[in-house]
Amino acid sequence: MANKYIVRRPIKDTISRVIGYEILYHGENTAYGGDSEPGQRSKVNEFAVAETIHSFLTQNTERIKDSLNFMTFTTTLLMKKVPHLFAKEDLVIQIDDSVIIHPLAMHFVQMYKKEGYRIAVNDFQFAPRYVSLIDQIDYIKLDFSSLSEDSLHNLIEIANGMGKHCIAYNVNTEDLYQLALKLGVTELEGDAVAEKLASKAHDSSYLQSSFFQLLSAVTREEPDIAEIEHIISMDASLTYALLRVANTVQFATRNRTTSVHQAIMNIGITQLQQWIYLLCASNDQGEVDPFFEEFLKLSFMRANFCASLLGYTKKVPISKNDAYLLGMFSTLDYLVDAPLEETLEQVAISDEIKDALLNWGGPAGALYALMLSYESADWDKVSKLCDMLGIAPNMLTTLYFECMEQANEVWENVNRMSGSDD
């Protein structure tokens with residue numbers, strides 16, 4: 001039986017704010033295709049895949065709540081009432097042609113619509129069977145990798161005229177990204193979108209030499225507390241920010257923290273690393289720029305995922321701390337207004353990690369590639385890399401969602417760490 005994977009991909013508006021996530025799941029392609037007799041094995045496999053998705057979501061819905069989730073539902077998933085695992089505020093039910101031509105499936109779609117769920121149609125066409133549903137559709141999704149510019153222009157113009165959200169997906173290149181903006185879509189999804197940030201210069205004093213010295217000091221295999229204390233103490237803004245963090249509710253002791261040394265010991269190296277990384281995207285008031293917030297969350301997610309993956313392979317000879325930094329620094333070039341190669345020269349990380357980040361080189365590079373391939377739902381590459389690293393593919397989805405939950409907890413921590421003195 002084919003491996004089953006589930007991953008979330010961000011959907012962003014035209015100014016790079018995340019409006020939701022598409023839940024992509026692998027396994028249905030082999031379930032609906034293959035060399036079976038028509039109408040026999042494919043139907044059995046569809047139920048098997050539906051059962052897998054249903055079971056997983058039943059156990060993991062809490063980990064993906066409080067966000068707008070776009071998910072494609074087959075006839076079987078609709079019949080199994082999988083949408084009811086989500087609050088209607090948190091779900092967009094995506095359907096495609098196989099559902100639209102199925103009268104029983106459309107009965108369920110209409111039922112969910114009446115219950116208040118939103119509906120999206122993949123690869124919308126101006127054919128009678130699609131147009132008849134137009135009043136029930138909230139989102140129209142268009143594949144930018146396969147349609148001509150003229151076709152896209154006509155579809156988007158009509159969709160916008162009817163007040164429908166128009167999502168461009170498979171926006172995997174810069175040219176397609178610019179085309180989507182030019183044609184007037186409302187949201188975008190794809191490789192180019194996942195890594196796209198509005199151009200914005202950093203002006204924080206933390207991005208000067210003292211910041212990089214501190215980042216280098218805390219990322220050593222055995223950080224020197226005295227060195228860290230010295231660097232922070234030489235910078236009034238860093239000292240102020242650290243003492244502010246140390247006296248928040250999360251870290252406060254009976255006596256107020258008044259020294260840099262005491263603050264470092266109370267916070268601990270791991271959370272100190274997270275706090276320093278947060279400074280990358282903070283302004284002078286300690287507020288996170290909304291354009292960078294999603295990349296910070298992604299940093300913590302990737303850090304946890306790489307460190308966790310390391311525990312399932314013996315073919316990557318790096319430490320868990322190095323694996324954590326591999327994931328965390330994967331977005332550093334978007335957070336710091338400087339080339340990644342130049343930035344990494346100022347940070348005390350191993351040559352193996354630098355090579356992995358810059359060139360995807362060596363065993364660490366394969367681990368890095370596995371993480372990125374899973375994120376981008378490149379399932380063939382995921383399988384090959386799992387074989388190369390000796391990692392069992394069937395545990396990736398559960399591990400991914402566990403790390404996502406851990407990243408959410410880290411994000412809550414750093415938000416508290418950067419909060420008020422109360």
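Scope of the values below: all heavy atoms of this structure, side chains included, with no hydrogens, waters or symmetry mates. What you see is a predicted model, and the numbers here were worked out from it, not measured in a lab.
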What I'd like to find out is whether the side chain of Phe108 reaches to under 4.5 Å of the side chain of Ile93, using heavy atoms alone. no
Report yes if some heavy atom in the side chain of Leu309 is under 4.5 Å from a heavy atom in the side chain of Tyr312; otherwise report no. no
Take atom CE of Met395 as the centre, draw a 6.0 Å sphere, and report whether it contains more than 12 heavy atoms from other residues, nucleotides or ligands. yes
So, taking the atom named CG in Leu142 and the one named CG in Asp123, what distance separates them when rounded to the nearest 0.5 Å? 7.5 Å
Short side-chain to backbone donor-acceptor contact, Asn122 and Lys141, under 3.5 Å: no
Side-chain donor-acceptor pair present, Gln178, Glu174, cut-off under 3.5 Å: yes
Side-chain contact, heavy-atom cut-off 4.5 Å: Ile19 with His165? no
Nearest-0.5 Å distance, CZ of residue Phe305 to CE of residue Met328: 16.0 Å
Identify, with sequence neighbours excluded, every residue that meets salt bridge (Lys or Arg N to Asp or Glu O under 4.0 Å) alongside Lys113. Asp138
If every non-hydrogen atom of Ile228 is compared with every non-hydrogen atom of Ala217, which pair is closest and at what distance? CG1-CB, 3.8 Å
Show the nearest heavy-atom pair for residues Ile6 and Phe401, with the distance to one decimal. O-CE1, 3.6 Å
For Leu188 and Lys12, what are the C-alpha separation, side-chain angles and deciding distance, and is it a side-chain contact (heavy atoms from CB on, under 4.5 Å)? CA-CA 5 Å; Leu188 309 92; Lys12 298 187 178 184; 5.6 Å; no
Would you check, one step at a time, whether the test side chain to side chain donor-acceptor pair (under 3.5 Å) holds for Ser376 with Asp378? CA-CA 6 Å; Ser376 62; Asp378 187 343; 5.2 Å; no
Please lay out, stage by stage, how Leu155 and Ile140 fare under the test side-chain contact (heavy atoms from CB on, under 4.5 Å). CA-CA 9 Å; Leu155 288 166; Ile140 288 173; over 6 Å; no
Please check this pair: side chain of Thr313 against backbone of Leu389, looking for a donor-acceptor N/O pair closer than 3.5 Å. yes
Distance, nearest 0.5 Å, that separates CG of Leu24 from CD of Glu189: 6.5 Å
Taking atom CG of Asp191 and atom CG of Leu372, what is their separation to the nearest 0.5 Å? 10.0 Å
Heavy-atom pair with the smallest gap, counting every atom of Ile119 and Ile95: CG2-CD1, 4.3 Å
Met106 side chain near Val99 side chain, heavy-atom distance below 4.5 Å: yes
For Tyr117 and His84, take the angle between the two ring planes, folded into 0 to 90°, and tell me which bin it lands in: parallel under 30, tilted 30 to 60, perpendicular over 60. tilted
Got a second to check how far Glu375's CD is from Met301's CE, nearest 0.5 Å? 6.5 Å
State, to 0.1 Å, how close Lys88 and Glu115 come at their nearest heavy-atom pair, and which atoms those are. CD-O, 3.1 Å
Are Ser308 and Tyr400 linked by a side-chain donor-acceptor pair shorter than 3.5 Å? no
Under a 4.5 Å cut-off applied to non-hydrogen side-chain atoms, are Tyr374 and Thr397 in contact? yes
Lys182/Asp175 salt bridge by N-O under 4.0 Å criterion: no
Check: Leu385 and Ile391 side chains under 4.5 Å, non-hydrogen atoms: no
Tightest non-hydrogen contact, residues Leu367 and Cys306, listed as CD2-O, 3.9 Å
Might you work through the side-chain contact (heavy atoms from CB on, under 4.5 Å) test for Asp322 and Leu310, ending with a clear yes or no? CA-CA 10 Å; Asp322 276 347; Leu310 186 69; over 6 Å; no
Reported CG-to-CD1 distance for the pair Leu358 and Ile353, which is rounded to 0.5 angstrom: 11.0 Å
Going by the angle between their ring planes, with limits at 30° and 60°, are Phe70 and Tyr139 parallel, tilted or perpendicular? perpendicular
Say whether, by atom type as modelled, one donor and one acceptor occur between the side chain of Asn172 and the main chain of Gly190 under 3.5 angstrom. no
Considering all heavy atoms of both residues, which atom of Pro363 and which atom of Val316 are nearest to each other, and what is their separation? O-CG2, 3.7 Å
Can you tell me if Thr186 uses its side chain to pair, donor with acceptor, with the backbone of Cys166 under 3.5 Å? yes
Side-chain touch Leu68/Arg118, heavy atoms, less than 4.5 angstrom: yes
Checking side chain to side chain donor-acceptor pair (under 3.5 Å) against Glu22, which of Arg9, Gln94, Arg8 comes through? Gln94
Would you check, one step at a time, whether the test side-chain contact (heavy atoms from CB on, under 4.5 Å) holds for Asp355 with Trp360? CA-CA 6 Å; Asp355 189 33; Trp360 293 22; over 6 Å; no
For a 4.5 angstrom cut-off between non-hydrogen side-chain atoms, does Pro223 reach Val218? no
